[in-house]
Amino acid sequence: MSETLNLILKVWRQQGPADVGRFEEIDAKGIPVDASFLEMLDIINERLIENGADPVAFDHDCREGICGTCSLVINGMPHGPKQTTTCQLHMRSFRDGDVIWIEPFRANAFPVIKDLTVDRTAFDRIIAAGGYVSVRTGAAPDANSMPVPKEQADDAFDAATCIGCGACVAACPNASAMLFAAAKIGHLDSLPQGKPETRRRVLAMVRTMDAEGFGNCTNHYECEAACPKEISADWITRMNRLHNKAATIEAVR
Amino acid sequence: MIQPLTATPDARIPAGPLDRKWSRHRQDSRLINPKNKRKFRVIVVGTGLAGAAAAASLSELGYKVSVFCFHDSPRRAHSIAAQGGINAAKNYQNDGDSVHRLFYDTIKGGDFRAREANVHRLAEISLQIIDQCVAQGVPFAREYGGLLANRSFGGAQVSRTFYARGQTGQQLLLGAYAALEKEIARGNVEMHSRSEMLDLVLVDGHAKGIVTRDLVNGRIETHAGDCVLLCTGGYANVFYLSTNAIGSNVTAAWRAHKRGALFANPCFTQIHPTCIPVHGDYQSKLTLMSESLRNDGRVWVPKRKEDCGKAPDQIAEQDRDYFLERKYPSFGNLAPRDISSRAAKEVCDEGRGVGPGGLGVYLDFAEAVAEFGEDTIRDRYANLFDMYAQITGENPYKTPMRIYPAVHYTMGGLWVDYNLMSNLPGLHVLGEANFSDHGANRLGASALMQGLADGYFVIPVTVANYLADETPGAVTAGHDAFRETEKSVRDATDRLLGIRGRRTATSFHRELGLLMWENCGMARSRQSLTEALQRIPELRAEFWENLRVPGSGESFNQQLELAGRVADYLEFAELMCHDALHREESCGGHFRVEHQTGDGEAMRNDEDFSFVSAWEHTGDFSKPQLHSEPLEFDVVKPSVRSYK
Ligand SMILES: Cc1cc2nc3c(=O)[nH]c(=O)nc-3n(C[C@H](O)[C@H](O)[C@H](O)COP(=O)(O)OP(=O)(O)OC[C@H]3O[C@@H](n4cnc5c(N)ncnc54)[C@H](O)[C@@H]3O)c2cc1C
Ligand code: FES
């Protein structure tokens, strides 16, 4: 049997978007150090159900840090103390007797569905505003007909690695989605395939971001620090540059 | 007992030479004029590679599309987790690859249990897929000259795998998702996320709609269309622990099966050799370490049992058994998945496994680090090494990884013809959810290829062969069949909530998973399967008496979702065991201990089992009805699959 921990959880409970919500204290005894954070919650939920109580709702799926579904604020930090996703956080990062505060990703644009689950469909609508290349299936030229310098392709990848979890929004004092939008805009602008639509894309995505109720960037860099994929805030600078240019051109046309 | 064999479903393989079938079929397929296309509504369930690609492409053609997924966003489908890469016969490396070679490798890799015509089509389409993805802005790895890079993968002797670091599935899915969002923005696609399909609606035997549960508010809804596409992924989670995402499930496919769709080759499941071993009974999933790692890592265990407890650096070179290199000198550490997995199980069964419970083997990078330097290895595998360190708390640059086989992929699935249509008119099945292209074993980097081939290039052509004879919008959700199906879904939900027993859905799932892993896992026997066939109905009976689902149906209720999925697994598992018991041979991922050579290699039986097993639901889980589709090999003659 591996080593175990006794912990006290302060978990956010909220029946639905209309409910005000509150913290509930839950005893978490005998948690194996090798368990993941979500496995710890699984254990707690099994106990709650067996005791006739309502289990804690939380989102998760791949549990390998890639789908972007898991979304907890742990001790005030989106995804917790390590720069990784909640599902990749393990209980060995905690000490026996710790009190752990667990909350949902909070933002006006991310209404709570229940307990720790939130609605992040606003992100889909930002992508729908222009986060794509307008190419039809079957209309593509041979893949090697357009060489892309390796450095440029690597840059594009660094931005494209965003998992859309929303930690950047939850970390930002203004609940801004700039890092999310900038990563997609940067990814596509770094590639010859995406460049032709940059102007249209950046205007539409930024507009949608504002309309969805996300705040503005005032350079706190919390997003970069919380991003499990370590996406650089430099992409925001680049997006702002692209946006200014596009807005100017739009204004003079 | 299994009912005697009955009529063979018609696979509708086009006539003509193998390499002309698809081009001819495209020419011969029906066309629907653009004005009419707009009147048809296609229901797409699932937004993985197969579903997102299909929905986007059909919408581009002008069809109206309604899309459903249980995830909170279409971008989170399980396809996102694929690591290693996607195959295509581009021959950019000039190393002798061709459409024919990819076709041949896939047929052989599938241990001669797949259809030649489907596999050839897949190999042909592989070329277009890469073009399409690059045009969408998928940032594949590139060489310094700016052209696309390739690696060799999963036992292939040519470098035909395209990749985006260790996140290929993510990048491909984000490409397909972006295409889907583009069509949503155009107003042609209606997206329903957090929406789970719970039944298929048949009108006069045709698939004309689905019943869903809105997972946010619990509302049961009906949706009508002119045809239905299931793109709902695989059923590996019948084993509870697998490398699949937690939510992956058999529900959509199983409920379609219970409405009459044939389920093909359910026992063909793939065990992946390189996963992080199990560490405790609270464990919720297994993590895959991409097999691309086997390009640079060497697999070994101690030669002597006595050494297993020692730290790996305390075991001298001559005391290590590099068993894959020893047994399969020409493929070595790159031997196919089924073969590598069984070899690892064998050494562990001999008591030479390492780590907790002796269920692990080493995957050692010391030699590669010495040869290429830590930086090069980091460049190739950083995210995988990080993930390993995160999960195990060990540093794989310094100490060998421990790996063990885990359930990974399911080759079986709903039976489909060449048009990807099931035996139920109108019901089409794409991606991992169908059975069609991988036979008894899937090669690495071929699932992404198949999902995208089905979605981008096959279904946009073949769906018209069904729709051309239909009157658009002929069936609406007002039809009685919708009321009846909706009622049966409501009843099933109430039944789950009404049991009010003592055990959680997870506890049943875990017990079933263990039972399946032990009795229908890496090695199967008449005895183990017979035992499973007795225990599964008992467990199912207990489930229906002793399950506890808290909360109500009219709200966000994750336990209710889970309970429905586990209920389906408890039925499906029985069919899997029937199939495994009936197939008296060892082939691909299906290893029957009764059918092996003296040195433990699989013995296929072409004489008696060169067919697809397509099972029909009879209403009695203990008496499924077998239909068989004979497999004919005109181009590749089945041979013993040797990787020695
Ligand atoms: C860890 C891992 C790594 C892999 N790596 C590779 C690789 O390198 N190369 C490769 O070729 N293959 C790889 N595979 C296999 C490959 O990823 C999958 O086979 C493939 O992505 C499946 O795609 P799909 O579109 O068929 O289904 P999925 O991606 O599983 O999508 C299923 C969709 O259906 C929806 N759904 C399911 N049921 C319902 C329902 N009842 N109601 C509503 N919606 C529903 C889900 O929400 C989801 O959108 C890997 C698999 C795993 C597990
Ligand atoms: S559950 Fe997928 S990233 Fe955490």
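Just so you know, these numbers come straight off a predicted model, no measurement behind them. Lettering follows sequence order; numbering is per chain, from 1.
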Looking at [options], which has the largest count of heavy-atom pairs under 4.5 Å with chain B?
{"options": "A:L188, A:D59, A:T121", "answer": "A:D59"}
{"options": "A:G194, A:S190, A:C162", "answer": "A:C162"}
{"options": "A:Q88, A:R125, A:H60, A:Q15", "answer": "A:Q88"}
{"options": "A:D155, A:D54, A:V148", "answer": "A:V148"}
{"options": "A:S145, A:P141, A:A156, A:G130", "answer": "A:P141"}
{"options": "A:A57, A:G65, A:P149", "answer": "A:A57"}

Relative to chain A, which segment of [X] carries a heavy atom at a distance below 4.5 Å: side chain, backbone, both, or neither?
{"X": "B:T243", "value": "backbone"}
{"X": "B:Q283", "value": "both"}
{"X": "B:Q559", "value": "side chain"}
{"X": "B:S193", "value": "side chain"}
{"X": "B:S555", "value": "neither"}
{"X": "B:R165", "value": "both"}
{"X": "B:R502", "value": "backbone"}
{"X": "B:I125", "value": "neither"}
{"X": "B:Q136", "value": "both"}

What's the separation between atom [atom1] in [X] and atom [atom2] in [Y], rounded to the nearest 0.5 Å?
{"X": "A:N45", "Y": "B:Q558", "atom1": "CG", "atom2": "CD", "answer": "8.0 Å"}
{"X": "B:H78", "Y": "A:C62", "atom1": "NE2", "atom2": "SG", "answer": "10.0 Å"}
{"X": "B:S507", "Y": "A:E50", "atom1": "OG", "atom2": "CD", "answer": "7.5 Å"}
{"X": "B:T504", "Y": "A:E46", "atom1": "OG1", "atom2": "CD", "answer": "3.5 Å"}
{"X": "A:I31", "Y": "B:Y282", "atom1": "CD1", "atom2": "OH", "answer": "10.0 Å"}
{"X": "B:L174", "Y": "A:T161", "atom1": "CG", "atom2": "OG1", "answer": "9.0 Å"}

With distance as the sole test, does [X] use its side chain to make a donor-acceptor pair with the main-chain N or O of [Y] at under 3.5 Å?
{"X": "B:R75", "Y": "A:G68", "answer": "no"}
{"X": "B:R76", "Y": "A:G164", "answer": "yes"}
{"X": "B:E60", "Y": "A:T137", "answer": "yes"}

Quick check: closest heavy atoms across [X] and [Y], and the distance to 0.1 Å?
{"X": "A:H187", "Y": "B:P139", "result": "NE2-CD, 3.9 Å"}
{"X": "A:I49", "Y": "B:R548", "result": "O-NH1, 2.8 Å"}
{"X": "A:E64", "Y": "B:M387", "result": "O-SD, 3.6 Å"}
{"X": "B:I391", "Y": "A:R92", "result": "O-NH2, 2.6 Å"}
{"X": "B:A178", "Y": "A:G131", "result": "CB-O, 3.5 Å"}
{"X": "A:I163", "Y": "B:Q170", "result": "CG2-NE2, 3.6 Å"}

Answer with side chain, backbone, both or neither: which region of [X] has an atom nearer than 4.5 Å to a non-hydrogen atom of chain B?
{"X": "A:A129", "value": "neither"}
{"X": "A:M146", "value": "backbone"}
{"X": "A:D189", "value": "neither"}
{"X": "A:A139", "value": "backbone"}

Go through it in stages, so that I can follow the logic: the residues are A:D124 and B:Y177, the test is side chain to side chain donor-acceptor pair (under 3.5 Å), and I'd like the CA-CA distance, side-chain angles, deciding distance and then a yes or no. CA-CA 9 Å; A:D124 294 324; B:Y177 158 76; 2.6 Å; yes
Sort by residue number and list every member of residues 113-120 of chain A having a non-hydrogen atom under 4.5 Å from chain B. A:I113, A:K114, A:T117, A:V118, A:R120
Please assess A:E151 against B:Y144 for the test side-chain contact (heavy atoms from CB on, under 4.5 Å), listing each intermediate value before the final yes or no. CA-CA 8 Å; A:E151 298 73 16; B:Y144 282 102; 3.9 Å; yes
Show the numbers, then the answer: is there a salt bridge (Lys or Arg N to Asp or Glu O under 4.0 Å) between A:D142 and B:K90? CA-CA 10 Å; A:D142 183 82; B:K90 282 285 197 185; 3.0 Å; yes
Thinking salt bridges, do A:D61 and B:K285 make one under a 4.0 Å N-O criterion?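 Salt bridge absent between A:D61 and B:K285.
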